[in-house]
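One structure is given below, encoded as structure tokens.
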Protein chains: 2
Amino acid sequence: MSVTLKQLAASLDLSPTTVSRALNGFPEVNAATRRRVEQAAAAANYHPNTRAKSLATGRAQAIGHVIPLSTSHEIVNPVFADFIAGAGEVYASNGYEMILRVVPDDDEASAYSDLVARGSVDGVILHGPRIEDARVALLADLGLPFLVHGRTSGVNTPYSWLDINNQRSFHRATEFLCSFDHRRIALINGLEEMDFAQRRRNGYLEALAKAGIEPDPMLMRQGEMTEPYGYRAAQEMIQLPEPPTAFLASSIIVAYGILRGLSDLGLKLGRDISLVTHDDELSYLPNDGDVPLFTATRSSVREAGRRAATMLLRLVAKPDSGPLTELMETSLVLGASTGPVRR
Amino acid sequence: MSVTLKQLAASLDLSPTTVSRALNGFPEVNAATRRRVEQAAAAANYHPNTRAKSLATGRAQAIGHVIPLSTSHEIVNPVFADFIAGAGEVYASNGYEMILRVVPDDDEASAYSDLVARGSVDGVILHGPRIEDARVALLADLGLPFLVHGRTSGVNTPYSWLDINNQRSFHRATEFLCSFDHRRIALINGLEEMDFAQRRRNGYLEALAKAGIEPDPMLMRQGEMTEPYGYRAAQEMIQLPEPPTAFLASSIIVAYGILRGLSDLGLKLGRDISLVTHDDELSYLPNDGDVPLFTATRSSVREAGRRAATMLLRLVAKPDSGPLTELMETSLVLGASTGPVRR
DNA sequence: TCGCCTTCCCAAAGCGCTTTGGATGATTAA
DNA sequence: TTAATCATCCAAAGCGCTTTGGGAAGGCGA
């Protein structure tokens, strides 16, 4: 099937040792010999067997991603695909494999310890952190390098993470709406237990407080970020005795739902009502052009994937390089969905 | 770090051989001994090292998915996440690992041969087949079991695939629109070179021919299936001297774009104009409820992932079980987006 | 000339597992 | 009673690689 090191060595009249060293850039091999080996390897399309190599070195050369699939709310996070694409680029160019494991979410803990016990990965990325997420302590216990995409509040264990500045993002967005004299601003957020949702809400509340606006529970909602969720939220809130004059959405998918909900009622975004959404720059829902459809807090989740992977690889190379953290700022992009309050 | 077979054997005063056999269900081990071993293994959280195991057995216990990332049109296929989720479930419950490799699309060929040479996978799933896709022959040459998600026209090599009946689907959808007296039906399709797009177009043309309608090139469009693509297509076509009275969309994301495009012009789906879309049942864009938003040809891509994975595993177990094929029919689901022609 | 570095290569052990080919008693058939 | 058969176990080789610990030439200074 495929060439082995031994075969390659035999065909060159060299020992496996020398061939191995030649290909791995060790100094104790003659330059001419090295060239000869490299050429023969290329000609024979030789690639070292990953499993043998990592058995010998003790490094798996692979990073794991565990995707918990809740049995109750079976949503595959749409942000996930773009994040993975970004991370994958980095893994590929560094010779790492990406291992994905889809598990029922009550099995997630055992998935990690299984991954460690089997020695399948050198590190993992933790997705979708909740508030006080127990997985962080679990991973720390396992001694496996890991990086959280997002953060988790109320956890003492130090850990590495990459996050966007959710609080500031939504603070700014709210402030921006306030500057247009909006005082009834609805927040259509993600699931309550998600850490990012809480941070966004904090930013929102903070800005309201600063503007002297009393938050109205009727205008705050959390749930799985689907299109119909946005649609229903918009339609229901607009029927309130005191409807909102602006919406703040946690995902562009929800924003599309809100847009449709309002438009079905004959309301036009930017004129009759305002909307700011977070925009992860999902590739199939681009919100760009001269004047984007939505005013948005924008941050590329693809880029986040790239950076997260880079950080994790650094962590794998030097496990004691301490917790690595990065907070990405978002940009507030002006689109067509915002304007002054209509009276 | 983690327990090895040798350690486990030593702690039990048994040989590695016996422990291995006990855990792998071989008959030549005493029932009492087996129980003892199993208990000790569970207590010690023993899991065999994957790499060592697969080195010894020659099977990788892993399936590869290669995700080509075109440098020109950088769209991460939104359908992909749900397909992966379905396939992942099956891999996990069969003890297989899922390996994802993100590669620039001009490197895709070498990605496969690399995967084979390194012995990292026992099989691969081929995504996004084009018309006359060269990758099929390539994979057949490599001798690696593989399964195509979709099909490819004009390829002689026999191969295994799982596809939905795209042609029939769009035939039925077109026929359905014709039955409402629509005669100007626009097709907003995926990228021309994709095999599924061609099949859908064939179904569409076939039905038009049967209804005695001359296809109008002005009403046929292909492109990357984003929301703005649908929006633009709708807006432009509606301005034609002879605008369409119905749309046929290849993706629910495009359908949302069309919906928005029409609604911006004050047109209401189902009343002023009709729309049928293909619906992959993406979890964050559910098109269900009593009366779904869109009339659609529906087929769960998550389920497709499950079935594809199951088929591939069967193929890996028995490589000569011949090419396996499965054609999934879609259901035509009546929603609120269709109605008779408005005059 | 001798001894000591370098330079360049190799044999062999080992990573953690499976698997082949026995070995050892105990059990059974004749 | 003896040989053949079972039921259980084990030693050792091997999967394809890396890495430790030399070892043989050749070059150098004295």
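The model shown is predicted, which means the values in this text are computed figures rather than measured ones. Naming convention: chains lettered A, B, ... in sequence-line order (proteins, then strands); numbering from 1 in each chain.
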Exercise for review: Check the distance between dC10(D)'s P and L5(B)'s CG and give it to me in whole angstrom.
Suggested key: 12 Å
Check your understanding: Whole-Å distance between dC17(C) P and R118(A) CZ?
Key -> 10 Å
Exercise for review: May I have the distance from L55(B) (atom CG) to dC15(D) (atom C1'), rounded to whole angstrom?
Suggested key: 5 Å
Practice item. Please lay out, stage by stage, how H65(A) and Y91(A) fare under the test ring pair (Phe, Tyr, Trp, His ring centres under 6.0 Å). Key: CA-CA 12 Å; H65(A) 290 245; Y91(A) 297 146; 5.8 Å; yes
Practice item. Ignoring backbone atoms, establish whether Y46(B) has a side-chain N or O less than 4.0 Å from OP1 or OP2 of dC17(C). Key: yes
Practice item. Kindly state which residues belonging to residues 9-33 of chain A come within less than 4.0 angstrom of DNA chain D, counting heavy atoms of the residue only, listed by number. Key: T17(A), S20(A), R21(A), N24(A), F26(A)
**Study point:** Distance test, side-chain N/O of K6(B) to OP1/OP2 of dC17(C), below 4.0 Å
**Key:** no
Point to revise | R51(A) CZ to dT18(D) C1', straight-line distance once rounded to whole Å | key: 17 Å
Check your understanding: Any ion pair linking R306(A) and E303(A) (charged N to carboxylate O, less than 4.0 Å)?
Key -> yes
Point to revise | 5′-ward residue of the pair T57(B)/R34(B) relative to DNA chain D | key: R34(B)
**Study point:** Length of the NE2-C1' vector between H47(B) and dG16(C), whole Å
**Key:** 16 Å
Study note, to complete from the structure: Whole-Å distance, R59(A) CZ to dG16(D) P, equals 20 Å
Review point. Does any non-hydrogen side-chain atom of R101(B) lie less than 4.5 Å from one of M98(A)?
Key: no
Revision key, fill the gap. From CG of D122(B) across to P of dC15(D) the rounded distance in Å is 18 Å
Review point. With side chains defined as the heavy atoms from C-beta onward, is the minimum distance between L282(A) and R302(A) less than 4.5 Å?
Key: no
**Study point:** Interatomic distance where CD belongs to Q61(A) and C1' belongs to dT18(D) [whole Å]
**Key:** 13 Å
Practice item. Would you name the heavy atoms of S160(B) and G322(B) that are closest together and state the gap between them? Key: OG-O, 4.3 Å
Practice item. Indicate yes or no: does D163(B) engage R151(B) in a salt bridge with an N to O separation below 4.0 Å. Key: yes
Review point. Does K53(A) place a side-chain N or O at less than 4.0 Å from the phosphate oxygens OP1/OP2 of dG16(D)?
Key: no
Point to revise | Side chain to side chain, R36(A) and L12(A), heavy atoms closer than 4.5 Å | key: yes
